[in-house]
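Structure record follows, encoded as structure tokens.
When a ligand or atom number is given, it counts from 1 through the structure's own listing order. If you're wondering where the values come from, they're calculated on a predicted model, not measured in any experiment.
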Amino acid sequence: MTESKSKSRRVLVIAAHPDDELLGCGGTVALHAKQGDRVRSIVVCEGTSLRNITKPDAYRSQAQNAANILGVENIATLDFPDQRLDTITFTDIISPLEKSISEFQPHLIYCQYGGDINLDHELLFKAAMVAFRPTVPCIEAVYAFDTASSTEWAFPRSFVPDTWVDISETINAKLKAMACYESELRGYPHPRSLQGLKNKAEAWGNQACMDFAEVFMTVRRSYRNGKTPF
Ligand SMILES: [Zn+2]
């Protein structure tokens, strides 16, 4: 999401559940990959609550297939209990995030927005805020992404984007990646249907005179050592 790119950037996506990592930023991630950036994803919870999953770790292959389509070089699953992050000590959630950030040294982080209907999302966001605090100097920007069928179902609705990314080039890859998560897909007009996701991208895009977009809330931008925003 930087305007001038002289070298490959390291991009880290942090999400709670399998498919969350692509619902809000899959198109943007695919753009990064197309531009030569290195993208890794962390999915904090396991996916055994996914419907129609008969093998305990079947969600891993769904997640890997989706990551391959988007160009994500690595997707890590931390296997915390699905919909039960509140049973985990807060520092136990923070520690592996800190470790991943320390190892990968990302320039840019996309993190799932926490102000929605899902408690796992809220807790993950709070933990991630600690993990990517400003003591980590490599991080130049942190953006929060929304989650279809969680963010818009919250009250009060507090997700107010300030950044639009044109994903017209990658909307098809995003939908193809989402199709890998057969167990998470719903029929139209559910927000997590393929048509619903496409319509949503179109509606976000039209706000900024684009065909399709993903939107973000800026959590933080930091420019150090003489760098400027543009
Ligand atoms: Zn989720």
Handout entry: Residue pair Arg40, Glu21: steps toward the salt bridge (Lys or Arg N to Asp or Glu O under 4.0 Å) verdict
Key = CA-CA 10 Å; Arg40 293 185 183 180; Glu21 82 286 357; over 6 Å; no

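Counting heavy-atom neighbours within 6.0 Å of Glu169 CD, excluding the residue itself, gives a total of 12 or less.
At a threshold of 2.8 Å, the Zn ion (ligand 1) has no backbone or side-chain N, O or S atom of Cys45 nearer than that distance. For residue Asp20, an N/O/S atom approaches the Zn ion (ligand 1) to within less than 2.8 Å.
A salt bridge is defined here as a Lys NZ or Arg NE, NH1 or NH2 lying under 4.0 Å from an Asp or Glu carboxylate O, and Asp146 with Arg157 fails to meet this definition.
Expressed to the nearest 10°, the angle at the Zn ion (ligand 1) joining ND1 in His17 with NE2 in His121 is 110°.
The closest donor-acceptor contact from the side chain of Arg38 to the backbone of Ser8 lies at 3.5 Å or more, if one exists at all.
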